[in-house]
Number of protein chains: 2
Amino acid sequence: MSKQAGSLPVIDLTADTPCCPPLAQSPVPAQTAAVLALAFKALGDPVRLQLMSMIASAKSGEACVCDLTPAFDLTGPTISHHLKTLREAGLVDAERRGTWVYYRARPAILRQLAGLLSVEPAAVA
Amino acid sequence: MSKQAGSLPVIDLTADTPCCPPLAQSPVPAQTAAVLALAFKALGDPVRLQLMSMIASAKSGEACVCDLTPAFDLTGPTISHHLKTLREAGLVDAERRGTWVYYRARPAILRQLAGLLSVEPAAVA
DNA sequence: CGCCTGTCTCGACGTCTGTCGAATCAGAGA
DNA sequence: TCTCTGATTCGACAGACGTCGAGACAGGCG
């Protein structure tokens, strides 16, 4: 990938422990925002959001590109491009098995993002 | 936006009750995805993500534009533009009081998005 | 009333993004 | 080996996006 550990703190969104407190609790530092925004941007397209949900909600835990593509009025390359975007955002993982390629969600990252957006139901302590 | 609101089911993200089940539970319909993607896209920019967190985490529950703007190396119009994007995504609310304009977060929508991204901590039943 | 400060709107500019068709790569099978 | 199918990469193009400067609007204060 493009960035190395050089100056960025390399926020690990794949970790199982929360990387950052909720958005509404303390302001997000610029560097953290840069990383997190990439994930949100990836979800900021209707096609990718649908792809993400189709993959994440697949019964077997994974979805074949051959099942994903016909669900849209888009060409194969376009779907492939969106999947690449999701992949690069760390939201999904791809694995080739024979002729087909299967995608599966990375729950840890979804949890990170959900945690970031979480708000206390009522007032805090 | 591609489609006019007329035919859209107008998913109410401001409601206090969840508009949709978690992403990982059932696939998101196209129309729903179109609406939700707008919110994620709004959060998909580092500046807006920071603005959002600064507003949401403000002690008084609201933040003045005059406090927000100097936190970035950007011009007033640019910040204003980003705030407008957040406003149009329904993520924040603006109110003018005298000379200053105050923004406050809409927790209900944050909750909707968090719920959408939520994942069962371990395996499901 | 006139001016000053704070915020937004407008128009413009360069860049990024979503989409496509054509070409390429990866395996499976005859 | 040759071919066929599935998936990705490449190159191109229109439209969207982030940013700015200039100007307009809103309200407080001499």
Side-chain angles (χ1 to χ4, degrees), chain A residues 1-3 30 33-52 54-55 58 60 62-89 91-104, chain B residues 1-4 30 33-52 54-55 58 62-89 91-104:
Chain A
M1 281 302 157
S2 34
K3 351 208 155 284
V35 176
L36 293 170
L38 285 178
F40 283 123
K41 193 194 300 191
L43 294 175
D45 179 278
V47 173
R48 286 196 294 267
L49 194 55
Q50 284 188 83
L51 282 171
M52 189 66 214
M54 291 172 73
I55 295 169
S60 60
E62 59 187 10
C64 174
V65 175
C66 59
D67 291 329
L68 263 21
T69 304
F72 301 88
D73 269 341
L74 295 170
T75 64
T78 298
I79 297 297
S80 191
H81 162 69
H82 284 306
L83 288 172
K84 181 180 185 180
T85 300
L86 289 174
R87 223 166 40 218
E88 290 178 344
L91 290 164
V92 298
D93 239 349
E95 182 195 352
R96 162 160 236 136
R97 270 204 310 280
T99 306
W100 297 276
V101 177
Y102 296 88
Y103 281 77
R104 59 175 59 234
Chain B
M1 340 268 130
S2 30
K3 328 223 164 239
Q4 48 135 273
V35 176
L36 292 170
L38 285 178
F40 284 122
K41 193 192 301 193
L43 295 176
D45 180 278
V47 174
R48 286 195 296 265
L49 194 55
Q50 284 187 84
L51 282 171
M52 189 67 215
M54 291 172 73
I55 295 168
E62 59 187 12
C64 174
V65 176
C66 59
D67 291 329
L68 264 18
T69 303
F72 301 87
D73 268 342
L74 295 171
T75 63
T78 298
I79 297 297
S80 191
H81 163 70
H82 284 307
L83 288 172
K84 181 180 185 179
T85 300
L86 289 174
R87 222 183 321 145
E88 290 178 343
L91 290 164
V92 300
D93 239 348
E95 182 195 353
R96 163 161 236 133
R97 269 205 310 280
T99 306
W100 297 278
V101 176
Y102 295 88
Y103 281 76
R104 58 176 59 234

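Just so we're on the same page: letters track the sequence lines, and every chain starts at 1.
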- Under the side-chain hydrogen bond (donor to acceptor under 3.5 Å, both in side chains) test, which residues partner His81(A), sequence neighbours left out?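 Checked His81(A) against side-chain hydrogen bond (donor to acceptor under 3.5 Å, both in side chains); zero matches.
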- Task: With a 4.0 angstrom cut-off to heavy atoms of chain A, pull out the first and last contacting nucleotide of DNA chain C, in 5'-to-3' order.
- Result: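 Terminal contacting nucleotides, 5' to 3': dT17(C) to dA28(C).
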- Take the protein atom CG of Leu38(B) and the nucleotide atom C1' of dA16(D), then report the distance between them rounded to whole Å. 13 Å
- So what does Tyr103(A) hit on the nucleic acid, given a heavy-atom distance under 4.0 Å: a base, only sugar-phosphate, or nothing? sugar-phosphate
Exercise answer: donor-acceptor pairs, residues 64-75 of chain B side-chain atoms, under 3.5 Å, sequence neighbours excluded:
unit_1   : atom_1 : unit_2   : atom_2 : d
Thr69(B) : OG1    : Val65(B) : O      : 3.0
Thr75(B) : OG1    : Thr78(B) : OG1    : 3.1

List, one per line, each side-chain donor-acceptor pair under 3.5 Å for residues 38-47 of chain A, sequence neighbours excluded.
unit_1   : atom_1 : unit_2   : atom_2 : d
Asp45(A) : OD1    : Val47(A) : N      : 2.9
Asp45(A) : OD1    : Arg48(A) : N      : 3.3

- Item | Bracket notation of DNA chain C in which parentheses pair within the strand, [ ] cross earlier pairs, and | pairs with another strand (Watson-Crick or G-U, under 3.5 Å) | ||||||||||||||||||||||||||||||
- Message: Please encode protein proximity along nucleotides 17-30 of chain D as a string of B, S and -, counting only heavy-atom distances under 4.0 Å.
- Response: SSBBBB----SS--
- Does Tyr103(A) have Arg87(A) sitting over its ring (NZ/CZ under 6.0 Å from centre, angle to axis within 45°)?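 Arg87(A) over Tyr103(A) ring: no.
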- Item | Matching residue for Val92(B) among Leu51(B), Leu83(B), Ile55(B), Thr85(B) - test: side chain to side chain contact (heavy atoms under 4.5 Å, CB included) | Ile55(B)
- Task: Mind checking salt bridge (charged side-chain N to carboxylate O under 4.0 Å, His left out) for Arg96(A) and listing every partner two or more places apart, or none if nothing turns up?
- Result: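 Here no residue qualifies.
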- Query: Near DNA chain D, which residues from residues 62-70 of chain B have a heavy atom under 4.0 Å away?
  - Reply: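 Those residues: none at all.
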